[in-house]
Participant: 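Provided herewith is a single structure, encoded as structure tokens, for subsequent inquiry.
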Amino acid sequence: MNKPVFLALTDFSANCSSDPETREVMASALALDLWQLGARGNKNQLPSMILVNAGNSHTDHIVDTIHHLSHYRREIQHLIPPTRNYGANPTAHASSSMQIALKSLSQPQVGLAPITELEKDFHEARLIGYGTGDVAPYIRGWDYALGLVTDERNAIHLHLHEREDWIAFRRDLERDPGKLSAPTGIGPQFQEVDKAMSLTGTLPADQLDYELVDSALDLGIPLFFQPHTCNAPISMPYTEHLSHLVGTLRAIPDLLVCNFMHLPEDKWVDYYKNWIWQRLSKLPACYRFGVMETVHQLQGVCEQLAILSHPTPDRAGDSSEAIALARNLFTTTLRSIALSLAFLAWHGLGIELACSVRTVRKVLKLLREDGGSMKLRDVQRAVGFGTAVKRDAVLAQLEVQGLVTLDDKLVSATTMPEFIENIREQLPMAAKV
């Protein structure tokens, strides 16, 4: 490599796309992904991100780039020749073998196979049925009886990308949300232990519905819905350098994650921070803590990413380039968090309302399904507002949020790209160092 990794990361963040908003989303998504890979296992809840694809592309180029850089493994890897036949459905057979081995290990070892053989059976079945490593599709992360299946670090990073992953995730949100908010599974000593799980995914904008958003926020984990309008492939001239950083993060015992009591003194940081606190105050209490903790940990994580990407990590603290990289990663990701919270207004969440969220959603659904402009009196009649004053107060609040436009006696819903542009204008980009 003829360029230091931290300079490659700086250049990538600045030049991966001709669109500045795409560059911001790409840089922040990569920063969170590196955080997830480096800090796996040292806390139960790491920040997670779902990219909401509102662009004119069936492919999410940002998620594809993350998959490429972090060596996302789509298929089960057969690292060792199996000693037994796992049949046409290796995952189901592996699950059964793991349960049998685990049950035998929990019993007195009188007349049974040696412990080492049972352990070997368990680990072989895990490799054949669920693969290896700390990154997997969502459906490959779980065993119906044994919980979250991970390596010895008791942590895994799950991707929500394919249709079957989303089906399983929605089913778990509805039927067993506890497995997501407090995952458990079998640890290295063959005992049930707490596990760490983080998520990265992509979803077309028209598939992000109220039920999914509400259920995800109720989990109480720091999960961000990040909108973007990227419709062209990401430029990746420094794949080797960034993959090297991924390898470095996987090799370290743990990325040190701690809470900073105070955020850096900076006008942009203050602006984003105040926006985040304002929106959080109107979101579920269980969701607030994880987001606030993420914000207060972000600075230290970005500093460590800059240090680890420096050719002489012990002297990175004296490098103006490393300091600038850490600052830019921090403000970019902080803005993305603010944008993700602002985006929740699309579903009537996190904003000041003169009525219930249910009523606001009824208004928005009516206008969005109509696809054009409606007369104010027709909206009042269809939604059931008791008075025109009540109706006008609600519509005025939605107009301030960029969700509708009012024109004399008519009202119309904005499109999602228009809405995203509105919130981007309210949260301008920080000046780069």
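All of these numbers come straight from a predicted model, not from anything done at the bench. The basis for the numbers below is simple: all heavy atoms, side chains too, and nothing from hydrogens, waters or symmetry mates. We number each residue from 1, following the sequence as shown.
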Participant: Can you tell me if Ser309 uses its side chain to pair, donor with acceptor, with the backbone of Ala306 under 3.5 Å?
Facilitator: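 Checked: pair present.
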
Participant: Does Gln207 reach the main-chain N or O of Pro204 with its side chain, forming a donor-acceptor pair under 3.5 Å?
Facilitator: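 No, because the side chain of Gln207 does not come within donor-acceptor range (under 3.5 Å) of the backbone of Pro204.
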
Participant: Measure the spacing between CG of Leu376 and CG of Leu410 and express it to the nearest 0.5 Å.
Facilitator: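 So the CG of Leu376 and the CG of Leu410 are separated by 7.0 Å.
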
Participant: Using a strict cut-off of less than 4.0 Å between a Lys/Arg side-chain nitrogen and an Asp/Glu carboxylate oxygen, indicate whether Asp270 and Lys267 qualify as a salt bridge.
Facilitator: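 Salt bridge between Asp270 and Lys267, a charged N being under 4.0 Å from a carboxylate O: no.
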
Participant: Grab the two heavy atoms, one from Ser235 and one from Phe12, that are nearest each other, plus how far apart they are.
Facilitator: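 What the structure gives for the nearest pair is O-CE1, 3.4 Å.
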
Participant: So if I apply the side chain to side chain contact (heavy atoms under 4.5 Å, CB included) rule between His228 and each of Leu339, Ile420, Val52, Asp60, which one comes out positive?
Facilitator: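 Answer after filtering Leu339, Ile420, Val52, Asp60: Asp60.
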
Participant: Is the backbone N or O of Leu403 less than 3.5 Å from a side-chain atom of Thr414, with the two atoms forming a donor-acceptor pair by type?
Facilitator: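 Present.
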
Participant: Step through the shown structure and confirm whether more than 12 heavy atoms of other residues, nucleotides or ligands are within 6.0 Å of CD on Glu152.
Facilitator: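 Buried by this count: over 12 neighbours within 6.0 Å.
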
Participant: Please check: side-chain N/O of Thr59 versus main-chain N/O of His61, any donor-acceptor pairing under 3.5 Å?
Facilitator: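 Absent.
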
Participant: Classify the angle between the aromatic ring planes of Tyr210 and His347 as parallel (below 30°), tilted (30 to 60°) or perpendicular (above 60°).
Facilitator: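 Plane angle over 60°, so perpendicular.
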
Participant: Any chance you could measure Ile156, atom CD1, to Lys195, atom NZ, to the nearest 0.5 Å?
Facilitator: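 One finds 8.5 Å between CD1 of Ile156 and NZ of Lys195.
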
Participant: Using ring centroids (six-membered ring only for Trp), state whether Tyr138 and Phe169 fall under 6.0 Å.
Facilitator: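 Distance test on ring centres: under 6.0 Å, yes.
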
Participant: Check whether the ring centres of Trp275 and Tyr272 lie less than 6.0 Å apart, and answer yes or no.
Facilitator: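 Judged by ring-centre distance (under 6.0 Å), Trp275 and Tyr272 do not meet the cut-off.
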
Participant: If you round to the nearest 0.5 Å, how far is CD1 of Ile186 from CE of Met98?
Facilitator: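 These two atoms lie 8.0 Å from each other.
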
Participant: Looking at every non-hydrogen atom in both residues, tell me the closest pair between Gln36 and Leu199 and how far apart they are.
Facilitator: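 In this case the closest contact between Gln36 and Leu199 is NE2-O, 3.3 Å.
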
Participant: Taking all non-hydrogen atoms of both residues, which atom of Leu283 and which atom of Leu341 are closest, and how far apart?
Facilitator: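 Closest heavy-atom pair between Leu283 and Leu341: CD1-CD2, 4.0 Å.
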
Participant: Could you measure the distance from the CG atom of Asn15 to the CE atom of Met236? Nearest 0.5 Å is fine.
Facilitator: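 The distance works out to 14.5 Å.
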
Participant: Is there a donor-acceptor contact under 3.5 Å linking the side chains of Gln401 and Gln397?
Facilitator: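 No, because no side-chain N or O of Gln401 sits under 3.5 Å from a partner of the opposite role on Gln397.
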
Participant: What are the two closest heavy atoms between Pro222 and Thr294, and how far apart are they?
Facilitator: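 Result for this residue pair: CB-OG1, 3.4 Å.
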
Participant: Cut-off 3.5 Å, no hydrogens considered: what does the side-chain donor-acceptor table look like for residues 256-266, sequence neighbours left out?
Facilitator:
residue : atom : partner : partner atom : Å
Asn259  : OD1  : Gln297  : NE2          : 3.3
Asp266  : OD1  : Trp268  : N            : 2.8
Asp266  : OD1  : Val269  : N            : 3.1
Asp266  : OD2  : Arg327  : NH2          : 3.1

Participant: For Pro47 and Leu32, which heavy atoms make the closest approach, and how far apart are they?
Facilitator: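 Taking Pro47 first and Leu32 second, the nearest heavy atoms are CG-CD2, 4.0 Å.
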
Participant: According to the interplanar angle, ranging from 0 to 90°, do the rings of Tyr287 and Phe224 count as parallel (below 30°), tilted (30 to 60°) or perpendicular (above 60°)?
Facilitator: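 The arrangement is perpendicular - the two ring planes meet at more than 60°.
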
Participant: Would you say Ser281's side chain and Gln278's backbone share a donor-acceptor pair under 3.5 angstrom?
Facilitator: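 Yes.
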
Participant: Could you grab the distance from atom CG of Asn53 to atom SG of Cys230, nearest 0.5 Å is fine?
Facilitator: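 Here the rounded value is 8.0 Å.
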
Participant: Taking atom NE2 of His161 and atom CH2 of Trp166, what is their separation to the nearest 0.5 Å?
Facilitator: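 Reported value, rounded in 0.5 Å steps: 10.5 Å.
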
Participant: Does Lys409 use its side chain to pair, donor to acceptor, with the backbone of Arg377 at less than 3.5 Å?
Facilitator: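 Flag not set: sc Lys409 to bb Arg377 has no pair under 3.5 Å.
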
Participant: Work out which heavy atom in Gly187 is nearest to a heavy atom in Asn154; give both atom names and the distance.
Facilitator: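 Reported closest heavy-atom pair: CA-OD1, 3.6 Å.
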
Participant: Apply salt bridge (Lys or Arg N to Asp or Glu O under 4.0 Å) to residues Arg140 and Glu162 and explain how you reach the verdict.
Facilitator: CA-CA 12 Å; Arg140 294 294 185 188; Glu162 306 298 339; over 6 Å; no

Participant: Name each donor-acceptor pair under 3.5 Å that joins a side chain in residues 19-28 to protein atoms two or more places apart or in another chain, with its distance.
Facilitator:
residue : atom : partner : partner atom : Å
Asp19   : OD2  : Thr22   : N            : 3.0
Asp19   : OD2  : Thr22   : OG1          : 2.7
Glu21   : OE1  : Arg335  : NH1          : 3.1
Glu21   : OE1  : Arg335  : NH2          : 3.4
Glu21   : OE2  : Arg335  : NH2          : 2.9
Arg23   : NE   : Ala14   : O            : 3.2
Arg23   : NH1  : Ser17   : O            : 2.8
Glu24   : OE2  : Lys432  : NZ           : 2.8
Ser28   : OG   : Glu24   : O            : 3.0
Ser28   : OG   : Val25   : O            : 3.0
Ser28   : OG   : Ser336  : OG           : 2.7

